[in-house]
Amino acid sequence: MIKTVKLAKVYRTEEVETTALNEVDVDIKEGEFVSVMGPSGCGKSTLLNVLGMIDSPSSGDYFFNGEEVGRLSERKRSNVRKHNLGFVFQSFNLIDELTVYENIELPMLYTKVASAERKKRVEELLEGMNIMHRRNHFPQQLSGGQQQRVAVARAIVNRPKLILADEPTGNLDSANGDEVMKILSQLNSEGTTILMVTHSQYCAEFGNRIIRMLDGQVVTENLVKQYL
Amino acid sequence: MFKNHLKLSFRSLVKNKLFTAIKLTGLTVGITACLLIGLYLHHELAYDAFHEKADRIVRVVMAYRTDGETQEVGVTGNKVVPSFRRDFPEVESGVRINLFTQVVKYGDKLFEEEAFYFADSTFFEIFSFPLLAGNPKTALHAPKQVVLTESMAKKYFGASDPMGKTLSVGASGDYVVTGVMADPPSNSQLKPGFIGSLVGLRDMTPERATWWNANYGAYLLLRAPGARETMQAKIPAYMKQFAGELNLSGDAALSYKLEPLRDVHLRSAVANKFEPNGDIRYLYILGAVGLFILLISGITYVNLSTAVGADRAREVGVQKVLGAGRMQLFWQHIGEAGILTGIALAFSYALTAPLLPLFGRLLDRPLEFATLFQPAAVLALLAFGAVTGLLAGAWPALVISQFQPVKVLKGQFKSSASGIWLRKSLIVLQFSISVLLIISTIVLQQQLHFIQHKKLGFDKEQVLTLATDQTIVDKLESIKSVLLQNNNIRSASLVYETPVHIEGGYGIDKSASGGNWSAVQALPADEDFIRTMNIKMVAGKELGRADVELVRRRQKGLDTLSAFPILINETQARLFNWTPEEAVGKLVNFQGPSEIKGVMQDFHFSSLHEPIGNLVVFPDTWGQTLLVKISGNDLPGTLQFIENKWTALAPHRPFSYHFLDEEYDKMYRTEIQTARLVSTFSGLAIFLACLGLFGLATYSIVQRTKEIGIRKVLGASVAGIVGLLSKDFVRLVAVALVLAAPVAWLLLNQWLADFSYRIELQWWVFAAAGLIAVGIAFLTVSVQSVRAALNNPVESLRSE
């Protein structure tokens, strides 16, 4: 599903040049659950952003489902993104001015899903995530765990093939963190590919492969114990 | 999707209550100012447009040249219209109109009417004043007929039908009502209360037909709009055939100019007999002021939206990650501007309704709110709202829709350097406009103060003017002596017109034999004029009782030999190359052989736009105005005394008076109105600019909360922090001053150049305007910066 060849990302300011990704090669198959680990500043979030097509690589190739997408225009990337990818962020990134229901519905407005279908899908997810009673609340009125469940619901409502999660449990206590990880595992077992950045070894082991990065490079790629 | 965007916009407007309120207030005030100004401009630009044949009507302006100088007046002799109708195929019809103040009486109702017109029977054929009763073809057909307006009909006849009833009109006799016309619109150069038939008046007899004695407003209806140019080209040659009859010598010439009716009010330099003209330049000024105000409120919108936009970066970032396109986001934010503009437009409508009468009073115009509900106006306003929304919303929408999700979601987002630079430039622009308006306000007020307090060479304070007629003139001596019994009445004098604006045009010749005429303004007056007006004589003597008696004897044919005693002013003496002393006793020709009895010190007898010209004051008894100089002590008692005596001595004439200084102020109506408007709007401009500044200061201080906390921990004082936070903004206002001052200097010098007597621009005005702007800006920013500086640093650091 994902293949990168010598993928690089360099940030330039007037005086400093920082290499965030240095000729990274990764290969992720459909149905995998891959965790990316590494110290702060190692480039894992940059990798997630580039693979999530919200940032573009400085050089190298990025193939998504066999198609080179690294050099697509913003408009085309946006199109690929909205139909294929779902995002979960550490800080949830829900829109404060929209209710739970509206936040979950939002991605479907951009993919022009019919109104009745939208309603059906949102309600299914609200039910599934056990937040039906909170449907008309605004994000600030929810607990962290509830907010992240809404964010996950929003990420999967368009039934994406790939979910990109950037430290999805970083802002949660362990009980809520576990809850979110179980949902992601469940999604993966139903066929969704997941790429997750995390600092936590415990969370990383929910996946089946761990990529470790340092200074913009992939240093190791290991299967998680149970898959060895 | 649209619904979702609308919801998002609306909720985010509600969430940012302060900034939304500031933006909404700015837009509402800006749009309201534009609506008010727009209504006024519409009123003025539509002047005389209601006449169905407006494009074919021209006003005839008389242009006469003597001594190499051409003078143009908006009146003509009674011969012009009939001759032009007869001799020019281009002319379909024509009308002569005269205007008098008349005492009108019906039953026990007696009023002095200032808008009593006399016109040819073609009046209603040319002008579109609809008749509510009567036949427009015959209403002014025969002698002694009168058409009156609806409101005059109510005033004299109440609910009863005025048709066929008889009004007594001053010395002119009885007039039968033959028509009732709708009240003329306020934007009509002709605003008659009554129109009497001209036919049958003494001046209409063939032997009195003349090209001279210019007393009539003359209007022609041409067969085609384009006929004006062809006819105009023929007039000089046409007039040459009358050279003998006109008795012109040397380079003297008489000709006529045809002015399109709709140009008279705003674009003519030639005064209108029926009301003072407006000036298109003041409309431009006002239009510019309106746009300035709107620009300032638009800038406030843009500045706050782009600044606060930074707070919405995350929302935009998330939307983009979820697949929102740039254009979708762009239109969402334009829509937000649209919502605010729509609300502002609605508020503006609501605000305009109560403000319009006040604004109309400021401008001396009855502006109509109903105009705003005409379909064309509603459409125009919607378009105006859409354009305003688009202009104010486009830049923020563009900036916001360009946010890069990867940056904003990482929290790396900060206003870009170019964005900050743009906001600063816009603040400078706002304050430049405000400073320009403040300087203009001060200078306009200074010039007005100068005009109103300039020593005119006569005393215009505490002088009453009362309209008179022949009956009163006949009893003048007894009226004067009765009035002077009151100690608070100093003197009284009969004159033809008031000395603030002497218009009477005559000819004067240095040699008694005649042959080298030059134009001069002259005022017929009695022996008390110089004393009543406190005019200084620089040589010779003032007019005496004997001089007036001499004139009386001459008029009765009892004395044909004596030279006519006249007074001239210093300018006239100078034009004759005489010192005042030399001038006294000289014989000149002024309506016959005349002797200069005295030389008056120059005084201003026309607008200060003009330099003092040459002037003659000569004794005569056909005055129309009684000037009464009072002491000013016990004004109500004195006025009551005059009224009592007047009612007893002149029961046929209602007691109605003006103060001379009010009449003087009337000459500067346009300037006074402009000054009032510019002051009002410069107040508004600075308010709006401050509103924007307040919003931006609030935002910037919120952003610097952590910095303030750290500085305080490190020992910064409250004053130090206030200074730090205010410095940047105050500096911008200073830059605005530097930019605005030269522009203001150029514009105001140009405006002042229009006055022959004017103030000079002084440096302190610019300094004062700068201080005002900087002071207000400092106060505005301080409100927020003091609060920030007083905050407990622990709070601000924890909040980070």
Side-chain angles (χ1 to χ4, degrees), chain A residues 9 11 13-14 20 45-46 48-57 73-99 101-113 115 118 138-140 151 154-155 157-158 160 164 166, chain B residues 1-17 19-20 305 308-333 335-336 339-340 398 400-414 416-418 800:
Chain A
K9 178 75 188 175
Y11 293 110
T13 59
E14 276 170 23
S45 287
T46 306
L48 197 80
N49 289 335
V50 172
L51 297 183
M53 293 177 235
I54 53 178
D55 207 352
S56 52
S73 67
E74 158 68 27
R75 200 194 176 101
K76 284 187 179 151
R77 271 194 285 152
S78 164
N79 208 33
V80 177
R81 198 165 60 216
K82 68 184 171 192
H83 287 105
N84 297 289
L85 310 184
F87 288 86
V88 180
F89 302 96
Q90 176 180 1
S91 51
F92 324 132
N93 278 334
L94 296 173
I95 295 180
D96 293 340
E97 286 76 26
L98 297 180
T99 61
Y101 185 100
E102 290 160 351
N103 262 294
I104 299 174
E105 186 191 26
L106 190 60
M108 292 188 286
L109 293 171
Y110 297 123
T111 48
K112 301 196 165 55
V113 175
S115 156
R118 289 205 303 265
F138 286 93
Q140 310 91 294
R154 186 181 65 182
V157 74
N158 260 337
L164 297 142
D166 193 354
Chain B
M1 174 70 75
F2 176 72
K3 203 176 112 195
N4 191 273
H5 282 167
L6 205 67
K7 216 161 18 187
L8 204 55
S9 298
F10 185 72
R11 289 187 191 149
S12 108
L13 289 175
V14 173
K15 190 178 158 200
N16 293 306
K17 282 188 192 67
F19 294 128
T20 302
S305 299
V308 178
D311 285 347
R312 298 182 63 185
R314 201 173 58 100
E315 168 198 321
V316 172
V318 172
Q319 281 178 294
K320 276 198 160 183
V321 168
L322 298 179
R326 229 173 88 183
M327 285 316 281
Q328 277 172 322
L329 291 168
F330 176 80
W331 287 112
Q332 179 197 330
H333 288 270
E336 207 168 298
I339 294 175
L340 269 191
L398 201 68
I400 290 169
S401 66
Q402 271 177 335
F403 289 158
Q404 289 179 1
V406 66
K407 285 192 180 159
V408 296
L409 293 181
K410 267 195 224 163
Q412 288 175 346
F413 182 81
K414 274 244 161 100
S416 68
S418 64
E800 275 292 306

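Fair warning: this is a prediction, and the values are worked out from it, not measured in the lab.
Shown here are the side-chain contact (heavy atoms from CB on, under 4.5 Å) partners of A:Pro57, two or more places apart in sequence or in another chain: A:Leu7, A:Val50.
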Step-by-step salt bridge (charged side-chain N to carboxylate O under 4.0 Å, His left out) determination, B:Glu315 to B:Arg11: CA-CA 12 Å; B:Glu315 168 198 321; B:Arg11 289 187 191 149; over 6 Å; no

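In this structure, the side chains of B:Leu8 and A:Leu98 come closer than 4.5 Å at one or more pairs of heavy atoms. Inter-residue side-chain proximity for A:Lys9 and A:Asn49 is flagged as unmet; no heavy-atom pair is nearer than 4.5 Å.
Checking side-chain atoms of A:Asn103 against main-chain N and O of A:Leu94 turns up no donor-acceptor pair under 3.5 Å.
The number of heavy-atom neighbours closer than 6.0 Å to NZ of B:Lys7, taken from other residues, nucleotides and ligands shown, is above 12.
Taking every heavy atom of both residues into account, A:Tyr11 and A:Thr46 meet most closely at OH-CG2, 3.6 Å. Between B:Lys15 and A:Asp96 the shortest heavy-atom distance is NZ-OD2, 3.9 Å. Annotation for A:Val113 and A:Arg118: closest pair O-NH1, 2.8 Å, computed over non-hydrogen atoms. Smallest separation of non-hydrogen atoms from B:Ser12 and B:Glu336: OG-OE2, 3.8 Å.
Listed in order of number, the residues of residues 78-88 of chain A that approach chain B to under 4.5 Å between heavy atoms are A:Ser78, A:Arg81, A:Lys82, A:Phe87. For residues 323-330 of chain B, the interface with chain A (any heavy-atom pair closer than 4.5 Å) comprises B:Gly323, B:Ala324, B:Gln328, sorted by residue number.
Under the side-chain hydrogen bond (donor to acceptor under 3.5 Å, both in side chains) criterion, the residue pairs touching residues 85-95 of chain A are A:Gln90-A:Asn171, A:Asn93-B:Arg314, with sequence neighbours excluded.
Residue A:Arg154 touches chain B through its side chain alone, counting heavy-atom pairs closer than 4.5 Å. Both the backbone and the side chain of A:Thr99 come within less than 4.5 Å of a heavy atom of chain B. Looking at A:Ile54, both its backbone and its side chain come within 4.5 Å of chain B, counting heavy atoms on both sides. Using a 4.5 Å cut-off between heavy atoms, B:Val318 contacts chain A through its side chain alone, with no backbone atom that close.
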